[in-house]
**Q** 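Let me give you the structure first, and then I'll get to my questions.
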Amino acid sequence: MTSSFKLRILLTRQEIEAAIRKLAAEISHDYRDRYPLLIGVLKGSFMFLADLIRNLDFPLEVDFIRLSSYGGATESSGKVRVVHHLCSEVAGRDVLVIEDIVDTGLTIAFLLDYLRKKKPASLRLCALADKPSRRRVPVVIDYPGFTVPDQFLVGYGLDWDERFRNLPEIYAVDADGP
Ligand code: IMP
């Protein structure tokens with residue numbers, strides 16, 4: 001990543017809020033009477049999860065998992081491990097994974113496989129952003145928010161080296177200058 005850069009707004013607060021309302025309506029329709037377990041993938045999904053569940057007015061449970069991808073500096077290596085484990089029992093539950101962005105798909109493919117082995121009653125994925133042009137393994141996103149271009153994004157939970165998570169909108173990082 002260049003040291004000289006500009007942040008260009010890609011998704012405004014209004015666009016994010018509208019997408020979340022739409023996702024929440026679909027999720028409410030499918031999960032209203034199922035007491036689902038929503039699993040937020042740390043750290044990137046924390047803001048999305050917080051806003052999403054404010055729009056879900058039925059009983060649900062929230063848990064978090066944190067994964068670490070090792071071996072690759074800037075790109076997912078596919079060698080993923082769990083660094084913060086779940087507190088909840090997954091067996092028999094209707095599990096909905098809440099992810100910030102699906103890029104190569106390697107991280108989420110690992111997580112879905114990891115959770116499937118714990119025998120949930122059902123397992124689905126909701127992702128705010130999808131970068132399909134970068135996909136290396138097939139991933140089904142049951143509740144997709146936005147399709148985004150092949151650019152590095154920050155804000156609304158997404159970081160660049162731990163910075164910019166606090167921005168309320170999503171920005172593309174553009175190299176600045178020659
Ligand atoms: P994947 O394994 O390549 O799909 O990468 C998944 C993870 O990489 C996401 O959950 C994000 O935490 C991070 N990531 C992927 N693309 C971006 C981006 O454009 N900005 C910030 N983080 C990203």
Side-chain angles (χ1 to χ4, degrees), residues 11 13 15-70 76-132 135-148 153 155-159 162 165-166 168 170:
L11 298 168
R13 285 178 81 146
E15 287 170 319
I16 295 169
E17 280 164 16
I20 287 177
R21 277 197 297 273
K22 187 165 169 287
L23 289 170
E26 290 171 28
I27 291 168
S28 299
H29 175 267
D30 295 348
Y31 286 92
R32 178 163 295 284
D33 300 313
R34 292 165 67 183
Y35 189 45
L37 172 62
L38 272 59
I39 298 180
V41 186
L42 293 173
K43 298 180 190 174
S45 74
F46 75 95
M47 211 180 270
F48 174 42
L49 176 64
D51 284 345
L52 180 69
I53 63 170
R54 265 182 272 235
N55 286 269
L56 302 179
D57 63 346
F58 56 87
L60 55 83
E61 210 180 307
V62 172
D63 202 349
F64 293 97
I65 194 164
R66 186 160 174 212
L67 305 169
S68 168
S69 169
Y70 53 98
S76 195
S77 64
K79 294 175 193 152
V80 183
R81 68 197 167 97
V82 179
V83 293
H84 174 95
H85 287 265
L86 295 169
C87 301
S88 322
E89 200 50 60
V90 164
R93 299 295 303 270
D94 287 309
V95 172
L96 179 58
V97 175
I98 310 295
E99 177 63 303
D100 54 357
I101 184 165
V102 180
D103 187 26
T104 63
L106 292 166
T107 308
I108 204 67
F110 167 88
L111 178 60
L112 293 174
D113 197 45
Y114 172 87
L115 292 172
R116 215 169 276 125
K117 288 183 184 141
K118 296 184 180 290
K119 307 266 182 259
S122 68
L123 180 61
R124 286 186 185 168
L125 172 64
C126 172
L128 180 64
D130 180 17
K131 252 191 230 177
R135 199 71 93 252
R136 286 174 55 191
V137 288
V139 175
V140 175
I141 304 177
D142 304 283
Y143 304 95
F146 299 97
T147 300
V148 294
L153 308 181
Y156 200 69
L158 292 167
D159 76 306
E162 296 302 325
R165 289 194 200 277
N166 51 319
I170 294 182

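Computed from a predicted structure; not experimentally measured. For the single chain, residues carry numbers from 1 onward in sequence order.
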**Q** Applying salt bridge (Lys or Arg N to Asp or Glu O under 4.0 Å), name anything that partners Lys118, two or more places apart in sequence or on another chain.
**A**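 Expected list: none.
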**Q** Check whether any side-chain heavy atom of Leu106 lies under 4.5 Å from a side-chain heavy atom of Ser69, and answer yes or no.
**A**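 The answer is no; the side chains never approach within 4.5 Å.
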**Q** Please identify each residue that fulfils side-chain contact (heavy atoms from CB on, under 4.5 Å) with Glu89, with sequence neighbours left out.
**A**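 Here the qualifying residues are Ala91.
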**Q** Give the minimum heavy-atom separation between Gly145 and Leu23, together with the two atoms involved.
**A**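 Heavy atoms of Gly145 and Leu23 come nearest at CA-CD1, 4.1 Å.
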**Q** Please report the closest heavy-atom contact between Tyr156 and Leu128, naming both atoms and the distance.
**A**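 Reported closest heavy-atom pair: CD2-CD2, 3.6 Å.
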**Q** Side chains of Phe146 and Ile170: closer than 4.5 Å at any heavy-atom pair?
**A**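 No. Closest side-chain heavy atoms not under 4.5 Å.
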**Q** Does any N or O in the side chain of Asp63 come within less than 3.5 Å of the main-chain N or O of Ser88, such that one atom is a donor and the other an acceptor?
**A**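 The answer is yes, because a donor-acceptor pair under 3.5 Å joins these two groups.
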**Q** Is a side-chain N or O of Arg136 found less than 3.5 angstrom from the main chain of Asp103, in a donor-acceptor match?
**A**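 Flag not set: sc Arg136 to bb Asp103 has no pair under 3.5 Å.
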**Q** Between Leu38 and Leu96, is there a side-chain heavy-atom distance shorter than 4.5 Å?
**A**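 Yes, their side chains come closer than 4.5 Å.
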**Q** Could you check if a side-chain atom of Lys79 sits within less than 4.5 angstrom of a side-chain atom of Phe110, using non-hydrogen atoms only?
**A**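 Result no, sub-4.5 Å side-chain heavy-atom pair not found.
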**Q** What are the two closest heavy atoms between Ala24 and Leu56, and how far apart are they?
**A**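 That closest heavy-atom pairing would be O-CD2, 3.6 Å.
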**Q** Roughly how far apart are Leu60 CG and Ile53 CD1, rounded to 0.5 Å?
**A**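 Leu60 atom CG to Ile53 atom CD1 measures 6.0 Å (nearest 0.5 Å).
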**Q** What pairs with Lys22 under side-chain contact (heavy atoms from CB on, under 4.5 Å), at least two apart in sequence or on another chain?
**A**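 side-chain contact (heavy atoms from CB on, under 4.5 Å) check on Lys22 returns Glu26.
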**Q** Enter the distance from Cys126:SG to Ile39:CD1 here, rounded to the nearest 0.5 Å.
**A**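 Nearest 0.5 Å value for the SG-CD1 distance: 13.0 Å.
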**Q** How long is the gap from CG on Leu111 to CZ on Arg66, to the nearest 0.5 Å?
**A**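 If we round to the nearest 0.5 Å, Leu111:CG and Arg66:CZ are 14.0 Å apart.
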**Q** Indicate every side-chain donor-acceptor pair of residues 40-49 with a distance under 3.5 Å to a residue at least two apart or in another chain.
**A**
from: Lys43; atom 1: NZ; to: Glu162; atom 2: OE1; distance (Å): 3.1
from: Ser45; atom 1: OG; to: Val41; atom 2: N; distance (Å): 3.0
from: Ser45; atom 1: OG; to: Val41; atom 2: O; distance (Å): 2.9
from: Ser45; atom 1: OG; to: Ile98; atom 2: O; distance (Å): 3.4

**Q** State the CD1-CD distance between Ile65 and Glu99, to the nearest 0.5 angstrom.
**A**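 Ile65 CD1 to Glu99 CD: 11.0 Å, rounded to 0.5 Å.
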**Q** Can we say Asp57 and Arg32 salt-bridge, meaning some charged N sits less than 4.0 Å from an Asp/Glu carboxylate O?
**A**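 So Asp57 pairs with Arg32 through a salt bridge.
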**Q** List in chain and number order the residues that pass side-chain contact (heavy atoms from CB on, under 4.5 Å) with Asp33, two or more places apart in sequence or in another chain; answer none if no residue qualifies.
**A**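 Expected list: none.
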**Q** Could you tell me the separation between the CG atom of Asp94 and the CZ atom of Arg124, rounded to the nearest 0.5 Å?
**A**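 These two atoms lie 8.5 Å from each other.
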**Q** Mind checking what makes side-chain contact (heavy atoms from CB on, under 4.5 Å) contact with Pro144, not counting sequence neighbours?
**A**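 In terms of side-chain contact (heavy atoms from CB on, under 4.5 Å), with neighbours along the sequence ignored, Pro144 is linked to Ile141.
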**Q** Is it true that, when you exclude His85 itself, more than 12 heavy atoms of the residues, nucleotides or ligands shown sit nearer than 6.0 Å to its NE2?
**A**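 Atom NE2 in His85 is crowded, with more than 12 foreign heavy atoms closer than 6.0 Å.
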**Q** What verdict does the side chain to side chain contact (heavy atoms under 4.5 Å, CB included) test give for Ile27 and Leu52, after you've listed the backbone C-alpha separation in whole Å, the side-chain angles of each residue and the deciding distance to 0.1 Å?
**A** CA-CA 10 Å; Ile27 291 168; Leu52 180 69; 4.1 Å; yes
**Q** Going from CG on Asp30 to CG on Asp142, what distance comes out if it is rounded to the nearest 0.5 angstrom?
**A**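 Those atoms lie 9.0 Å apart.
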**Q** Which heavy atom in Leu153 sits nearest to a heavy atom in Leu158, and how many Å separate them?
**A**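 In this case the closest contact between Leu153 and Leu158 is O-CB, 3.8 Å.
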**Q** Would you call Tyr114 and Val80 a side-chain contact if the rule is heavy atoms closer than 4.5 Å?
**A**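 Side-chain contact under 4.5 Å: no.
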**Q** Considering all heavy atoms of both residues, which atom of Ala121 and which atom of Gly92 are nearest to each other, and what is their separation?
**A**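 Here Ala121 and Gly92 meet closest at CB-O, 3.3 Å.
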**Q** Minimum heavy-atom separation for Tyr31 to Pro36, with atom names?
**A**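 Minimum heavy-atom separation between Tyr31 and Pro36: CD2-CB, 3.5 Å.
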